[in-house]
Amino acid sequence: MNQNSIALVTGGSRGLGKDMALNLARRGINIIITYQQNKDKANQTVQELEQLQVKALALHLNLSDTSTIPVFVSTLKNALLNHFQTSHFDYLINNAGMGATVPFEQVTEALFDEFLNVHFKSVYFLTQQCIPIINNGGCVINISSGTTRYCNPGYSVYSSMKGALEVFTRYVAKELGHKGIRANVVAPGPIETDFNHGAIRNNPLMKERLAGLSPLGRVGVAEDIGSVVAFLCSEEARWINGQRIEVSGGINL
Ligand SMILES: NC(=O)c1ccc[n+]([C@@H]2O[C@H](COP(=O)([O-])OP(=O)(O)OC[C@H]3O[C@@H](n4cnc5c(N)ncnc54)[C@H](OP(=O)(O)O)[C@@H]3O)[C@@H](O)[C@H]2O)c1
């Protein structure tokens, strides 16, 4: 990790992605975040990143529509040249995503396709198209979920896509090792963010139930995750490859 390194954090405008971006910036990494709708929050995050004396930029990305990925990558290439005076970046953090609690028997094909696009298909092709502009020695981190290990009713679509993402990560690690590029999964447990319409943060009963499933007696906060992602990008983590690191406080052991 050198002072000219650059990380792309999708969904870095708020929540977990914002904390990842801040932790990377504290290590001197320049940051590109993406947002889907919330440009104001993205701009506010860019300002906070710049206060940490790194270069920062926000780009629009819509993972719901896979046809927009090549356009995004083209915008990214221009941004790298114009804002960072380079053609390559170092760390791809595939974090952006959304949640919904829908019982298996009520899942529609449209919902399935939305989750497929956002959590798997767009991430797959975004990663594929970014690899040529990731420096040798860089890394890919895919954000999955604790719910690929344990089952949370209503999460069948979401968690199935995250499971696919975990398999994909191992293939990236296998096929890109020759470039010195590592790939790992970070799988958070329940975290009180805006995720799934703030379901965990805004529902005291649910929060208490989930806290009770953890030996540490609480749900997570965004600040529990970002430092782990920053560590995985660092030289200290150079021998961690193709792994799923669950960051959940040991929920449902
Ligand atoms: N919070 C949890 O309990 C939890 C647990 C396990 C895993 N995760 C995973 O962690 C990641 C981040 O979650 P979070 O809690 O930080 O959520 P969040 O606070 O709701 O933030 C979501 C981020 O993703 C962006 N985004 C949402 N839909 C998008 C789309 N279709 N295309 C592009 N960007 C999109 C949002 O952009 P805008 O701001 O523009 O809307 C925002 O930056 C997700 O992959 C989620 O599955 C979360």
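Counting starts at 1 for both ligands and their atoms, following the listed order. Here the structure is a predicted model, which means the values were calculated and not measured.
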For this session: Can you label the angle between the H119 ring and the F115 ring as parallel, tilted or perpendicular, going by 30° and 60°?
Result: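 The arrangement is parallel - the two ring planes meet at less than 30°.
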Output a table of donor-acceptor pairs, distance under 3.5 Å, between side-chain atoms of residues 176-196 and any protein atom two or more places apart or on a different chain; print 'none' if there are none.
| residue | atom | partner | partner atom | Å |
| --- | --- | --- | --- | --- |
| H178 | NE2 | E175 | O | 3.3 |
| R182 | NH1 | L232 | O | 3.1 |
| R182 | NH1 | A237 | O | 2.9 |
| R182 | NH1 | I240 | O | 3.1 |
| R182 | NH2 | L232 | O | 2.7 |
| N184 | OD1 | G242 | N | 3.1 |
| N184 | OD1 | Q243 | N | 2.8 |
| N184 | ND2 | I240 | O | 2.9 |
| E192 | OE1 | K207 | NZ | 3.0 |
| E192 | OE2 | K207 | NZ | 3.4 |
| T193 | OG1 | F195 | N | 3.0 |
| D194 | OD1 | R201 | NH1 | 2.7 |
| D194 | OD1 | R201 | NH2 | 3.4 |
| D194 | OD2 | R14 | NH1 | 2.8 |
| N196 | ND2 | T101 | OG1 | 2.8 |
| N196 | ND2 | Y155 | OH | 3.2 |

Exercise. Does a salt bridge link K18 with E48, judged by any charged N lying under 4.0 Å from a carboxylate O?
Worked result: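 Yes, charged N to carboxylate O under 4.0 Å.
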Exercise. Does the pair E246/R244 count as a salt bridge with the N-to-O cut at 4.0 Å?
Worked result: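 Counted as a salt bridge, because a side-chain N and a carboxylate O are separated by less than 4.0 Å.
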Sequence neighbours left out, cut at 3.5 Å: what donor-acceptor pairs do the side chains of residues 218-227 make with other protein atoms?
| residue | atom | partner | partner atom | Å |
| --- | --- | --- | --- | --- |
| R218 | NH1 | D224 | OD2 | 2.9 |
| R218 | NH2 | D224 | OD1 | 3.2 |
| D224 | OD2 | V221 | N | 2.8 |

Exercise. Going by side-chain heavy atoms closer than 4.5 Å, which hydrophobic residues are tied to L205, directly or by a chain of links?
Worked result: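 Taking Ile, Leu, Val, Met, Phe, Trp and Tyr as members, L205 stands alone, with no cluster partners.
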Exercise. Around ligand 1, what residues show up once you keep those with a heavy atom under 4.0 Å from it?
Worked result: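 These residues qualify: G11, S13, R14, G15, L16, Y35, Q36, Q37, N38, L61, N62, L63, S64, N95, A96, G97, V118, H119, I143, S144, S145, Y158, K162, P188, G189, P190, I191, T193, D194, F195, I200.
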